[in-house]
Trainee: 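Here it is: the structure, laid out below.
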Amino acid sequence: MKHAALAFLLACCGGPLAAQISPGPLAQPHASLEGALNCVKCHGGGRTEQMTARCLECHKEITWLVDRAMGFHAGVRDQRCASCHPDHAGRAFALVSWPGGDAAHFDHARAGWPLEGAHGKTKCADCHKAALRTSPAARLSARRGPDWGWVGLERRCVSCHEDPHRGRLGTACTDCHTAVDWKKINKGQFDHDRTRYPLRGRHIAVACDKCHDFAEGGKVVRSPRFATCGDCHSDAHAGTATLGARVVDCAACHVVEGWQPSTYTVAQHRLAKYPLEGRHQEVKCAACHLKHPPQVAAAALGSAGVWMRPVATQCRDCHGEDHGRQLASRADRGACDACHRLTGWTPSTFTVANHASLRLRLEGRHAEIECRACHGPDRRGLPALPGVAVLGRAAVAFKLKEVECAACHVDPHDGRYPRCTDCHGVRSFRPSTVDIATHQRYKFPLEQAHAAVACVECHSEMRHATATSSLVLARWPGAPMRFEAPRGGCEGCHATPHGRQFATRRDRGACESCHGVDTFRPATRFDHDRDATFTLKGGHSNVPCARCHPSTRDASGKQIVTYRPVSGKCETCHGESMRRGL
């Protein structure tokens with residue numbers, strides 16, 4: 001089928017494209033038509049009906065049989081040839097798609113000649129051979145040689161069997177014989193094909209007296225009318241089966257081979273009050289045209305009991321209300337086509353842009369999350385939704401109460417920061433959007449060297465196991481991340497290297513009295529002339545600090561520079577020099 005469709009496409013395109021592209025080699029019987037320039041010989045202008053017409057122009061034997069309502073093809077005359085005989089699948093591809101799977105399982109009754117009696121035991125090749133093909137159809141066929149095809153046999157017994165009576169008793173062998181036993185005479189046997197109404201399909205199995213009245217001796221005394229199916233069959237649909245607002249005969253939708261399935265097609269349905277589009281084209285007829293629906297009186301349905309005219313003014317006439325009463329307050333009262341297409345129930349056509357009109361705009365990662373993650377029954381990590389009794393059969397909740405971050409996501413800050421968006425974006429939760437500039441509005445602004453320190457060095461609570469999910473039902477793996485400012489000034493984070501030397505000062509040895517935040521050494525804020533009792537003047541201004549402030553170790557072995565107490569007397573440092581000077 002797909003090869004035939006592609007060939008059709010090429011024929012439609014025409015021009016250079018059709019001359020350069022082929023969907024595949026033709027089968028051996030069509031090999032003479034190979035070549036892109038020959039496409040139009042079969043495909044015509046690309047229209048389906050033109051392709052079928054081209055097939056019949058070559059296969060004149062089929063046309064001859066169909067025109068005379070003979071053979072298998074007479075029963076499928078409304079079908080496209082390519083539906084059973086696709087091509088472009090290779091030289092060895094078999095062009096015949098047998099009903100039943102293969103020739104051995106073909107229902108011969110569909111060819112207008114049921115195999116009965118001894119015929120049912122005969123091999124196909126014993127009848128379908130060149131010597132027995134005496135029909136005009138065989139002479140019209142272009143097939144010759146060892147592969148003569150299947151058409152060309154006559155229905156008359158003498159076309160296959162020798163007439164031992166040499167024509168003296170006529171050619172209607174079945175007047176006296178049956179296919180079950182040739183030697184047993186059966187005077188009641190009658191070839192209905194000799195009448196104006198040949199028996200086809202299921203009619204073949206109908207007993208004669210169902211249609212005819214017989215007198216003694218088997219003489220027919222009544223022949224029924226047969227212009228329409230209704231001459232014999234009552235209207236099984238009680239006048240509800242109409243086309244173009246007119247009641248039609250059974251043959252408009254049924255064939256004699258079998259009452260079911262109906263021959264009424266999707267294409268025909270497009271002309272009805274409710275055309276079938278999208279997925280509706282795949283639905284079985286019985287799914288909408290119910291049998292014996294309780295809301296329709298039996299008398300209105302006819303003997304078939306089929307509801308031919310179901311109510312279908314809106315989607316919920318067939319599909320019900322899948323969302324309960326959640327959307328009843330909308331202007332469209334929750335019409336299905338406001339959010340769904342006929343081509344597929346999912347995904348919904350309600351977009352991220354549509355969501356912007358609601359209480360929660362979908363931005364960043366929220367715009368990428370599947371709807372069901374918040375609105376569906378399987379929303380993992382979030383509190384369960386109400387049941388089907390509230391939400392409807394689809395089990396989708398539309399009016400959610402969760403619009404704040406903490407309603408869906410774990411709050412690792414223990415409620416200290418109510419506005420998540422002050423520190424986090426919706427594209428990614430990490431890293432935080434808090435930078436050096438943002439930190440300035442907090443109790444401890446980051447200045448100088450502090451600006452280069454990693455957050456985790458001050459906020460140790462950031463060291464925790466990775467969370468498996470940020471949703472509220474997930475477990476937070478660490479301590480609350482309160483991010484509280486350090487207490488006790490510099491000593492809240494830094495250990496003093498001076499011990500208790502400056503405890504008696506008025507500022508109790510506050511680090512910031514002598515040190516800046518750009519670097520700890522040197523003590524940029526300490527002025528020896530201003531902050532000490534001993535000013536550095538003259539020769540003292542160039543003396544290294546360590547000459548007066550030696551480094552010693554305390555009782556614990558920690559090295560400490562001695563700043564206080566230090567003697568300010570000259571002889572403390574210059575005693576020997578002074579003595580020599582004296």
Side-chain angles (χ1 to χ4, degrees), residues 27-30 32 55-77 81 84-85 94-100 102-186 189-201 203-204 256-257:
Q28 185 59 41
H30 290 160
S32 62
C55 294
L56 294 176
E57 288 175 7
C58 287
H59 296 277
K60 295 180 175 60
E61 70 279 12
I62 303 300
T63 304
W64 188 87
L65 289 168
V66 170
D67 289 344
R68 290 159 180 76
M70 296 172 62
F72 169 78
H73 292 91
V76 294
R77 64 187 306 161
C81 300
C84 294
H85 306 286
L95 288 175
V96 178
S97 177
W98 285 95
D102 54 29
H105 295 87
F106 174 67
D107 181 7
H108 214 280
R110 297 186 65 179
W113 182 261
L115 299 181
E116 301 173 334
H119 288 153
K121 303 177 183 179
T122 305
K123 295 181 179 179
C124 303
D126 291 341
C127 293
H128 292 278
K129 53 187 178 182
L132 299 182
R133 291 188 175 94
T134 59
S135 166
R139 293 192 292 274
L140 291 173
S141 175
R143 302 178 72 172
R144 293 290 185 272
D147 186 11
W148 283 73
W150 296 90
V151 301
L153 299 187
E154 289 280 6
R155 295 172 178 170
R156 296 177 296 109
C157 301
V158 294
S159 66
C160 295
H161 301 280
E162 181 181 0
D163 179 10
H165 307 296
R166 302 294 188 269
R168 288 175 296 176
L169 300 180
T171 58
C173 303
T174 53
D175 286 350
C176 302
H177 303 279
T178 68
V180 177
D181 188 348
W182 188 255
K183 294 183 179 180
K184 184 178 180 179
I185 303 302
N186 181 6
Q189 189 72 16
F190 180 73
D191 182 6
H192 222 284
D193 282 0
R194 295 165 60 188
T195 71
R196 289 180 300 154
Y197 192 81
L199 297 181
R200 298 290 183 268
H203 287 154
I204 295 171
V256 293
E257 282 75 20

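No experiment lies behind these values; they were computed from the predicted model shown.
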Trainee: Do W64 and I62 have side-chain heavy atoms sitting under 4.5 Å apart?
Mentor: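 Not in contact.
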
Trainee: If every non-hydrogen atom of A138 is compared with every non-hydrogen atom of G152, which pair is closest and at what distance?
Mentor: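 Smallest interatomic distance, heavy atoms only, reads CB-CA, 3.7 Å.
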
Trainee: Considering all heavy atoms of both residues, which atom of L65 and which atom of V151 are nearest to each other, and what is their separation?
Mentor: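 Residues L65 and V151, closest heavy atoms: CD1-CG1, 3.8 Å.
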
Trainee: I need the minimum non-hydrogen distance between C124 and A103, along with the two atoms involved.
Mentor: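 Shortest heavy-atom separation between C124 and A103 comes out as SG-O, 4.2 Å.
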
Trainee: To the nearest 0.5 angstrom, please state how far the NZ atom of K123 sits from the SG atom of C127.
Mentor: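 Going from NZ on K123 over to SG on C127, the span is 12.5 Å.
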
Trainee: Would a distance-only check, ignoring hydrogens and angles, find a side-chain to backbone donor-acceptor pair under 3.5 Å from S141 to A137?
Mentor: no

Trainee: For the residue pair Y197 and H203, categorise the inter-ring angle as parallel (less than 30°), tilted (30 to 60°) or perpendicular (more than 60°).
Mentor: tilted

Trainee: Could you tell me if the side chain of H128 sits less than 4.5 Å from the side chain of R133, heavy atoms only?
Mentor: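 Yes, close enough: below the 4.5 Å cut-off.
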
Trainee: Atom CG in D107, atom CH2 in W98: separation rounded to 0.5 Å?
Mentor: 12.0 Å

Trainee: Is the side chain of R200 donor-acceptor paired with the backbone N or O of E257 at a distance under 3.5 Å, no angle test?
Mentor: no

Trainee: When the ring planes of F106 and F72 are compared, do they come out parallel, tilted or perpendicular, using 30° and 60° as the limits?
Mentor: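 F106 and F72: perpendicular rings.
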
Trainee: Give me the atom names and distance for the closest heavy-atom approach of D126 to K129.
Mentor: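 Here D126 and K129 meet closest at O-CE, 3.2 Å.
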
Trainee: Rounded to the nearest 0.5 Å, how far does CD of E116 lie from CD1 of I204?
Mentor: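 Going from the CD1 atom of I204 to the CD atom of E116 covers 7.5 Å.
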
Trainee: Evaluate the side-chain proximity of R155 to M70: yes if any heavy-atom separation is below 4.5 Å, no if none is.
Mentor: yes

Trainee: Please report the shortest heavy-atom distance between K60 and L140, naming the atom on each side.
Mentor: O-CD1, 3.9 Å

Trainee: Hey, mind stepping through E154 and T134 against side-chain contact (heavy atoms from CB on, under 4.5 Å) and telling me if it holds?
Mentor: CA-CA 7 Å; E154 289 280 6; T134 59; 3.5 Å; yes

Trainee: Show the nearest heavy-atom pair for residues D193 and P198, with the distance to one decimal.
Mentor: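 Shortest heavy-atom separation between D193 and P198 comes out as OD1-CB, 3.3 Å.
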
